Colleague: 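Dumping the structure here so I can ask a few things about it.
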Amino acid sequence: MLSAEEIERAAADLLEAERARRQIGLLSLRHPGITLDDAYAIQTAQIARKLAEGRRVLGWKIGLTSKAMQAALGIDTPDSGILYDDMDFQNGGVVPAGRFIQPRIEAEIAFIMKAPLSGDATREQVLAATGAVAPALEILDTRILRSDPATGQSRRIFDTVADNAANAGIVLGAERHAPESLDLRWVGAIVTRDAEVVATGLGAAVLNDPVTSLVWLARRMGQYGQRIEAGQVVLSGSFIGPVECPPGTEIHADFGSFGAVSLSFE
């Protein structure tokens, strides 16, 4: 277990990496005994600093919800991170050059909350607390190296969680749907990069049902004294693998009758 000083140092290093657009080494190598509780404590320490700088919490993201992504990291649980107001990008907008280090995107279903969710939330309570669901893209970035050049060790879940679950941005489509009007397992997208199809997927890849993802998040947050609030947006988890977005990339996600989302990178 990390000391309070080690947690604060890791949080400061990650925030500086974000400002400088420069990745730091793996925290799992710096602290071989790091735990998931430590990683969430590092994430929480960053929340306090961000809010002190004037940021506002826009919502939350859930990651590692697919079996493929969990297997890649050798885990059996999702993770979560915070969405801040400066991470909100317009549908059809352009990400300025140099904004991120190694941006990637994922296609997701966003939940727009009309009521708070407590830690013991049920599936029925998630649906009742959701004002609408919408098509979305999540922008990923990593302030921690994806792998250590000396040892070859890849990031572990502790690194990802501490790094705000690799969260960097959100793009919401214009469409809004009542959550109970759809079987979200069958909501999917065809994702193109520079007009070429690079990924397809269905909501069922997210814990078999994206609603289950929010049940998990509400309970996870309850363990750490947090909760999902009314007015917040929750990204329920990607149903495609991350798509690399080097400079000049144009992304379009076609969700069919559910809507569409697009974004470009300078």
Side-chain angles (χ1 to χ4, degrees), residues 17-18 20-23 58-59 61-73 81 83-110 133-147 154-155 160 163-177 184-206 210 233 235-266:
E18 182 180 13
R21 308 290 188 261
R22 184 187 68 249
Q23 293 173 321
L58 178 68
K61 66 82 51 104
I62 308 164
L64 304 179
T65 51
S66 73
K67 290 300 182 184
M69 292 300 291
Q70 289 180 8
L73 283 181
L83 295 165
Y84 296 101
D85 55 346
D86 62 341
M87 295 177 170
D88 189 13
F89 289 83
Q90 290 296 311
N91 185 17
V94 179
V95 177
R99 171 66 190 269
F100 301 119
I101 303 170
Q102 293 179 334
R104 297 180 290 172
I105 63 93
E106 293 179 334
E108 313 200 12
I109 297 168
V133 287
L137 292 174
E138 180 183 4
I139 306 171
L140 302 175
D141 199 17
T142 175
R143 281 65 60 173
I144 294 179
L145 292 171
R146 294 188 194 176
S147 63
S154 298
R155 283 181 304 160
T160 304
D163 189 24
N164 196 24
N167 188 19
I170 176 176
V171 189
L172 283 179
E175 297 79 9
R176 300 290 182 271
H177 306 271
L184 295 177
R185 298 175 306 155
W186 285 99
V187 172
I190 301 168
V191 180
T192 61
R193 178 178 59 196
D194 303 331
E196 179 183 3
V197 174
V198 290
T200 62
L202 289 174
V206 179
V233 178
L235 290 173
S236 58
S238 180
F239 44 74
I240 66 167
V243 176
E244 302 283 349
C245 295
T249 296
E250 294 184 0
I251 294 291
H252 181 75
D254 180 359
F255 287 74
S257 60
F258 195 67
V261 194
S262 61
L263 187 69
S264 299
F265 292 80
E266 279 189 343

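Along the sequence shown, residues carry numbers from 1. As the structure is a prediction and not an experimental result, all values here were calculated from the model.
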Colleague: Determine yes or no for a side-chain-to-main-chain donor-acceptor pair under 3.5 angstrom, with R185 supplying the side chain and L202 the backbone.
Modeller: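 Not confirmed, R185 side chain does not pair with L202 backbone.
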Colleague: With heavy-atom distances below 4.5 Å as the criterion, would you say the side chains of V95 and P103 are in contact?
Modeller: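 The answer is no, as the side chains (C-beta and beyond) never meet within the 4.5 Å cut-off.
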Colleague: Out of curiosity, I251 CD1 to L263 CG, how far, rounded to the nearest 0.5 Å?
Modeller: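 It comes to 7.5 Å.
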Colleague: Between D163 (side chain only) and R143 (backbone N and O only), is there a donor and an acceptor less than 3.5 Å apart?
Modeller: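 Yes; at least one donor-acceptor contact below 3.5 Å.
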Colleague: Rounded to the nearest 0.5 Å, what separates atom OG1 in T65 from atom CD in E108?
Modeller: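 Separation between the atoms: 7.0 Å.
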Colleague: Let me confirm one number: the NE2-CD1 distance from H177 to I109, rounded to the nearest 0.5 Å.
Modeller: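 Answer for the NE2-CD1 pair, H177 versus I109, is 9.5 Å.
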Colleague: Flag yes if more than 12 heavy atoms outside I190 fall under 6.0 Å of its CD1 atom; otherwise flag no.
Modeller: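 No, CD1 of I190 has 12 or fewer neighbouring heavy atoms, counting only those of other groups under 6.0 Å.
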Colleague: Can you tell me if Q23 uses its side chain to pair, donor with acceptor, with the backbone of L145 under 3.5 Å?
Modeller: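 Between the backbone of L145 and the side chain of Q23 there is no qualifying donor-acceptor contact (under 3.5 Å).
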Colleague: Drop me the distance from R104's CZ to I139's CD1, to the nearest 0.5 angstrom.
Modeller: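 Interatomic distance, R104 CZ to I139 CD1, rounded to 0.5 Å: 13.0 Å.
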Colleague: Mind checking the CG-CD spacing from N164 to E18? Nearest 0.5 Å is all I need.
Modeller: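 Output value for this atom pair is 8.0 Å.
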Colleague: Which pair of non-hydrogen atoms, one from D141 and one from A168, has the smallest distance, and what is that distance?
Modeller: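 Residues D141 and A168, closest heavy atoms: CB-CB, 3.6 Å.
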Colleague: List the atom of R21, the atom of G98, and the distance in Å for their closest heavy-atom pair.
Modeller: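 The pair with the smallest heavy-atom distance is NE-O, 3.0 Å.
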Colleague: I'd like to know whether L137 forms a side chain to side chain contact (heavy atoms under 4.5 Å, CB included) with F89, so could you lay out the CA-CA distance, the side-chain angles of the two residues, the decisive distance to 0.1 Å, and finally the verdict.
Modeller: CA-CA 10 Å; L137 292 174; F89 289 83; over 6 Å; no
Colleague: Which residues satisfy the side-chain contact (heavy atoms from CB on, under 4.5 Å) test with I170, sequence neighbours excluded?
Modeller: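 Once residues adjacent in sequence are excluded, the partners of I170 under the side-chain contact (heavy atoms from CB on, under 4.5 Å) criterion are L58, L83, D88, L172, V233, L235.
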Colleague: Do S238 and E138 have side chains that get closer than 4.5 Å, going by heavy atoms?
Modeller: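 Counting from C-beta outward, S238 and E138 never come under 4.5 Å.
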Colleague: Report the distance from atom CE of M87 to atom CG of N167, rounding to the nearest 0.5 Å.
Modeller: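 Rounded to the nearest 0.5 Å, the CE-CG separation comes out at 4.5 Å.
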Colleague: Does the K61 side chain pair with the main chain of A165, one donor and one acceptor, at a distance under 3.5 Å?
Modeller: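 Pair found, side chain donor or acceptor close to backbone of A165.
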Colleague: Run the numbers on V191 and I105 for side chain to side chain contact (heavy atoms under 4.5 Å, CB included), then give the verdict.
Modeller: CA-CA 10 Å; V191 180; I105 63 93; 4.0 Å; yes
Colleague: How close do A260 and P135 get, heavy atom to heavy atom, and via which atoms?
Modeller: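 Heavy atoms of A260 and P135 come nearest at N-CG, 4.1 Å.
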Colleague: Quick test of your reading: applying side-chain hydrogen bond (donor to acceptor under 3.5 Å, both in side chains), list the pairs with at least one residue in residues 240-255, sequence neighbours left out, ordered by first then second residue.
Modeller: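 Those involving residues 240-255 are R146-E244.
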